[in-house]
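These notes are about the structure you will find just below.
Lettering of chains follows the sequences in order, A, B, ..., and the numbering in each one begins at 1.
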Protein chains: 2
Amino acid sequence: MAKRESNVDRVYEALRRMAADFAFKPDQRINESALSEVLGASRTPLREALNRLVAEGFLTFQNNRGFFCRPLTPSYIMDLYEARVAVECEATRLACTRASDEDIAALADYLNRMEPEYESATDPEELLSMDESFHARLAQLSGNSELQRILNNLNGRIRYIRLIDLKRLRDRAGGKAPGDISAHRQIVEGIATRNTEAAVSAMRSHIEKRREEATEAVRIAFSQLYVPDE
Amino acid sequence: MAKRESNVDRVYEALRRMAADFAFKPDQRINESALSEVLGASRTPLREALNRLVAEGFLTFQNNRGFFCRPLTPSYIMDLYEARVAVECEATRLACTRASDEDIAALADYLNRMEPEYESATDPEELLSMDESFHARLAQLSGNSELQRILNNLNGRIRYIRLIDLKRLRDRAGGKAPGDISAHRQIVEGIATRNTEAAVSAMRSHIEKRREEATEAVRIAFSQLYVPDE
DNA sequence: CGTTTCAATATTGTATGCAGCTTCGAATTC
DNA sequence: GAATTCGAAGCTGCATACAATATTGAAACG
């Protein structure tokens with residue numbers, strides 16, 4: 001009765017996570033037979049899942065050579081951040097004119113409830129999940145599912161770098177978690193007062209602040225990915 | 001030596017075109033065996049192509065029920081137009097600060113060269129191709145390949161409706177082609193003078209003008225899709 | 001009549017096999 | 001030694017087969 005999720009879906013989810021985490025190294029060739037054994041499925045459903053990930057930009061594909069992990073370069077990451085600016089700023093703009101007072105209040109409330117965890121969290125993974133969750137909720141306020149869909153895709157591909165960025169900020173701040181909750185508040189405040197320009201520009205600078213560190217984060221990413229342990 | 005394109009690629013291209021044109025009716029279930037015969041390939045490569053199109057939002061998928069054409073509703077089309085606004089406005093913004101004078105001049109030149117064709121074209125299909133081409137070139141000026149990629153995807157899914165929109169404008173104008181070349185000029189002018197706000201707002205209103213007609217265009221789309229002939 | 005049941009039919013999900021292309025490395029040449 | 005050739009091994013591309021699931025429609029029931 002509970003055959004809700006197919007094999008392809010399961011394989012897809014696993015692969016998406018692996019690709020997001022760069023369990024495949026940048027540009028690494030993926031061996032289908034080996035991978036299908038690891039995932040406990042034959043090559044047919046595996047290749048279907050791989051094709052989805054190619055279409056989503058997590059992997060690339062070359063004829064007669066198979067599937068490869070996406071590359072990891074500063075300019076690629078900058079592009080993703082810029083695309084996030086495009087999507088999230090427009091989502092913010094739409095939320096300003098479209099979201100109900102109740103929905104905005106709910107988001108503000110979410111932020112308040114999260115604050116303790118936000119402040120006390122030491123695990124960057126956890127912190128990032130909360131941050132992504134906030135941005136996803138905000139995108140929901142736009143009422144536009146395409147923007148939500150695109151944002152979700154961008155977030156998946158940029159996640160690894162953002163995680164590194166958070167770790168870096170934490171280490172710099174001497175172990176204190178760098179949850180940028182005040183920037184989030186500022187954005188929600190702008191939406192709540194229907195001050196579109198304020199909200200959008202707060203969102204823009206919030207994202208661009210991170211974008212500027214992309215090059216450095218990519219450098220760190222490479223040193224992590226290609227160093228034997230830890 | 002010329003085995004550059006695989007079977008999957010060929011099938012994918014054919015299906016993308018079919019899906020874009022609503023050769024599959026909205027929400028229609030797709031029969032794999034029948035389709036694989038039409039396309040001259042077995043179900044294995046067919047399903048790989050179908051999975052790509054699901055990931056790109058051209059089709060949907062349900063477990064154990066297979067593939068379906070994407071739905072066609074006013075709100076879905078509005079979402080696509082809004083996403084276009086997000087992407088193209090940010091691309092315009094980036095182009096303003098980033099594109100070289102030469103590249104901008106080349107785009108202006110392209111517009112000039114196109115003008116005669118633009119004015120004389122009677123075929124909406126042709127007109128739309130030129131319009132898409134202009135927007136794609138502009139997106140190139142942003143130097144951001146993610147934005148280009150997203151735009152290309154959105155354009156594919158919205159194409160059918162834009163075509164109807166153009167036909168409608170033409171019929172209203174008594175057969176004269178409604179190429180909105182002056183709006184394009186205005187955008188390029190803004191970029192050339194590095195007047196970001198002017199360029200972006202020209203782009204925004206250019207796209208939103210069309211968005212407002214989405215509901216009506218969808219209505220017409222349905223009547224076209226479900227009427228026996230013509 | 002409208003509903004329900006259930007077996008026949010159709011369709012999808014996945015494993016497997018093999019042809020053809022790519023890769024790798026040892027032997028060969030310069 | 002470095003470059004090249006070429007055959008063996010490995011991998012991908014695709015067709016096919018069959019199991020699992022969904023759909024259909026006719027018969028039975030209310």
Side-chain angles (χ1 to χ4, degrees), chain A residues 1-19 22-71 226, chain B residues 1-19 22-71 226:
Chain A
M1 189 120 306
K3 184 66 179 302
R4 269 286 150 268
E5 198 179 51
S6 81
N7 211 355
V8 171
D9 285 340
R10 186 179 57 75
V11 168
Y12 166 81
E13 295 293 346
L15 288 175
R16 188 187 197 267
R17 208 174 348 256
M18 291 171 74
F22 281 105
F24 312 111
K25 307 240 182 296
D27 294 307
Q28 180 193 332
R29 187 171 176 174
I30 292 172
N31 183 318
E32 295 173 17
S33 314
L35 193 53
S36 74
E37 265 195 46
V38 171
L39 296 174
S42 80
R43 283 177 54 223
T44 308
L46 171 62
R47 283 178 59 103
E48 293 189 7
L50 289 169
N51 271 286
R52 287 197 209 174
L53 290 162
V54 168
E56 290 176 345
F58 283 92
L59 304 174
T60 63
F61 176 78
Q62 287 177 51
N63 234 308
N64 289 320
R65 307 212 327 120
F67 298 88
F68 298 77
C69 185
R70 68 193 179 285
Y226 292 105
Chain B
M1 187 122 301
K3 183 68 181 296
R4 271 284 149 268
E5 197 179 53
S6 80
N7 213 351
V8 171
D9 286 339
R10 186 179 57 75
V11 168
Y12 166 81
E13 296 294 346
L15 288 175
R16 189 187 197 266
R17 207 175 347 256
M18 290 172 75
F22 282 104
F24 311 112
K25 306 237 181 299
D27 293 308
Q28 179 194 335
R29 186 170 178 174
I30 292 170
N31 183 318
E32 295 173 16
S33 313
L35 193 53
S36 75
E37 264 194 47
V38 171
L39 296 174
S42 80
R43 283 177 54 222
T44 309
L46 170 62
R47 282 178 60 104
E48 292 189 9
L50 289 169
N51 270 286
R52 287 197 209 172
L53 291 162
V54 168
E56 291 176 347
F58 283 90
L59 303 176
T60 64
F61 175 79
Q62 286 177 51
N63 234 306
N64 290 318
R65 307 219 320 123
F67 299 88
F68 298 77
C69 185
R70 67 194 181 287
Y226 291 106

For a quick test of reading the model, state the closest non-hydrogen atom pair linking [X] to [Y] and the distance between them.
| X | Y | value |
| --- | --- | --- |
| A:Cys69 | A:Ile30 | N-CD1, 4.3 Å |
| B:Arg70 | B:Gly57 | CD-O, 3.5 Å |
| A:Gln28 | A:Ala23 | OE1-O, 4.3 Å |

**OP:** Using salt bridge (charged side-chain N to carboxylate O under 4.0 Å, His left out) as the criterion, list what pairs up with A:Arg43, not counting sequence neighbours.
**Re:**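 Once residues adjacent in sequence are excluded, the partners of A:Arg43 under the salt bridge (charged side-chain N to carboxylate O under 4.0 Å, His left out) criterion are A:Glu32.
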Rounded to whole Å, please give me the gap between [atom1] in [X] and [atom2] in [N].
| X | N | atom1 | atom2 | result |
| --- | --- | --- | --- | --- |
| B:Glu48 | D:dC14 | CD | C1' | 9 Å |
| A:Glu37 | D:dC11 | CD | P | 11 Å |
| A:Arg10 | C:dT14 | CZ | C1' | 12 Å |
| A:Tyr12 | C:dG13 | OH | P | 17 Å |
| B:Asn7 | D:dT12 | CG | P | 18 Å |

Subject >> Criterion side-chain contact (heavy atoms from CB on, under 4.5 Å) on B:Leu15 and B:Leu35, from CA distance to verdict >> reply: CA-CA 10 Å; B:Leu15 288 175; B:Leu35 193 53; 3.6 Å; yes
All N/O pairs under 3.5 Å across the protein-nucleotides 5-7 of chain C interface:
none

Check: protein-nucleotides 8-12 of chain C nitrogen or oxygen pairs below 3.5 Å:
residue	atom	partner	partner atom	Å
C:dT11	OP1	B:Asn31	ND2	2.9
C:dT12	OP1	B:Ile30	O	3.0
C:dT12	OP2	B:Glu32	N	3.3

Subject >> Heavy atoms of other groups near A:Glu13 CD, more than 12 under 6.0 Å >> reply: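 Yes, enclosed.
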Subject >> Side-chain N,O (A:Ser42) to OP1/OP2 (C:dA15) below 4.0 Å >> reply: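 Yes, A:Ser42 has a side-chain N/O under 4.0 Å of OP1/OP2 on C:dA15.
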Subject >> Evaluation steps, side-chain contact (heavy atoms from CB on, under 4.5 Å), between B:Phe61 and A:Arg52 >> reply: CA-CA 12 Å; B:Phe61 175 79; A:Arg52 287 197 209 174; 4.1 Å; yes
Original post:
Is the NZ or CZ atom of B:Arg29 positioned over B:Phe24's six-membered ring, under 6.0 angstrom from the centre and within 45° of the axis?
Top reply: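 No, B:Arg29 does not sit over the ring of B:Phe24.
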